[in-house]
Amino acid sequence: DVKVTQSSRYLVKRTGEKVFLECVQDMDHENMFWYRQDPGLGLRLIYFSYDVKMKEKGDIPEGYSVSREKKERFSLILESASTNQTSMYLCASTPGGWTQHFGDGTRLSIL
Amino acid sequence: GQQVMQIPQYQHVQEGEDFTTYCNSSTTLSNIQWYKQRPGGHPVFLIQLVKSGEVKKQKRLTFQFGEAKKNSSLHITATQTTDVGTYFCAGPRGNNRLAFGKGNQVVVIP
């Protein structure tokens, strides 16, 4: 079974902090994704990566950056956290087809 | 850009009854996927449909892909409390990305 692991289930940070969300997959998948999920808005793509050191902006990249130094790890960075970034963050990976495997999610609160 | 719309957004279903949730795309899709997210959980892949008019069944769940490959439906019979959750459809939008619908949140009334 594919395992996508997100470093924290719950996280509380303060406005202005730099926040790192980590995601690791164990199946040598090429593509990895970061989404945020908000009530009534569904899943919105923040960034994705199709190879090591490669990244592309999704639909809502503002205020975020990503890092993919190793194939198995994809990090989401909130450069200066703001309250409107309070959300559920979901990481997903796929080997190159369309089926996405999601991690358990990180519920992030910015105070 | 390519959009995927789901209706209804919310459903309350009596246990034992049937219900259907619908997914519509603004463009023709090469395939469509369905995911289920339980309360407090993460989306889990259910199925992928590829062919025009395709119908697939998983126990009480029946998935259909329209002839024009622009719409899809999920029909659940004899609803159980374990069917509670949000059902998402998703279609390809290039560069290995998926366009997700906003989901259909299903509440089951015992």
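When reading the values below, keep in mind they use all heavy atoms of this one structure, side chains included, and skip hydrogens, waters and symmetry mates. Chain letters run A, B, ... following the sequence lines, proteins first, then strands; residues in each count from 1.
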- Query: Are L108(A) and F33(A) in one and the same hydrophobic cluster, where Ile, Leu, Val, Met, Phe, Trp and Tyr link if side-chain heavy atoms are under 4.5 Å apart?
  - Reply: no

- Is it the case that one hydrophobic cluster holds both I60(A) and L78(A), taking links as side-chain heavy atoms less than 4.5 Å apart, direct or via other members? yes

- First locate atom CD of Q100(A), then atom OH of Y35(B), and finally report the distance between them rounded to the nearest 0.5 Å. 5.0 Å

- Message: For the interface with chain A, which of Q9(B), Q105(B), K102(B) has the highest count of heavy-atom pairs at distances below 4.5 Å?
- Response: K102(B)

- Message: With a 6.0 Å cut-off (strictly less than), is the heavy-atom count around CZ of R14(A), excluding the residue itself, greater than 12?
- Response: no

- Message: Rounded to the nearest 0.5 Å, what separates atom CG in N31(B) from atom OG1 in T99(A)?
- Response: 8.0 Å

- R93(B) and D59(A): CA distance, side-chain angles, deciding distance, salt bridge (charged side-chain N to carboxylate O under 4.0 Å, His left out) verdict: CA-CA 12 Å; R93(B) 55 182 287 197; D59(A) 300 311; 2.8 Å; yes

- Correct closest heavy-atom pair for W98(A) and R97(B) would be CZ3-O, 3.3 Å

- Task: Give a yes or no on whether I7(B) and V4(B) share a hydrophobic cluster (residues Ile, Leu, Val, Met, Phe, Trp, Tyr; joining criterion: side-chain heavy atoms under 4.5 Å apart).
- Result: no

- Under 4.5 Å heavy-atom distance to chain B, tell me which part of D104(A) shows up: side chain, backbone, both or neither. both

- Can you list the steps and then say if F45(B) with F102(A) is a ring pair (Phe, Tyr, Trp, His ring centres under 6.0 Å)? CA-CA 9 Å; F45(B) 172 77; F102(A) 287 85; over 10 Å; no

- Item | Distance, nearest 0.5 Å, that separates CG of L98(B) from CG of L45(A) | 9.5 Å

- Message: Under the criterion side-chain hydrogen bond (donor to acceptor under 3.5 Å, both in side chains), I'd like the reasoning laid out for Q37(B) against Q37(A): C-alpha separation, chi angles, the key distance, then a yes or no.
- Response: CA-CA 12 Å; Q37(B) 183 175 21; Q37(A) 184 175 29; 2.8 Å; yes

- Message: Does any backbone or side-chain atom of R107(A) lie under 4.5 Å from a heavy atom of chain B? Answer side chain, backbone, both or neither.
- Response: neither

- Task: Kindly work out whether a path of hydrophobic side-chain contacts (I/L/V/M/F/W/Y, heavy atoms less than 4.5 Å apart) joins L11(A) to W34(A).
- Result: yes

- Message: Quick check: is Y64(A) connected to F74(A) through a chain of hydrophobic side chains (ILVMFWY, heavy atoms under 4.5 Å apart)?
- Response: yes

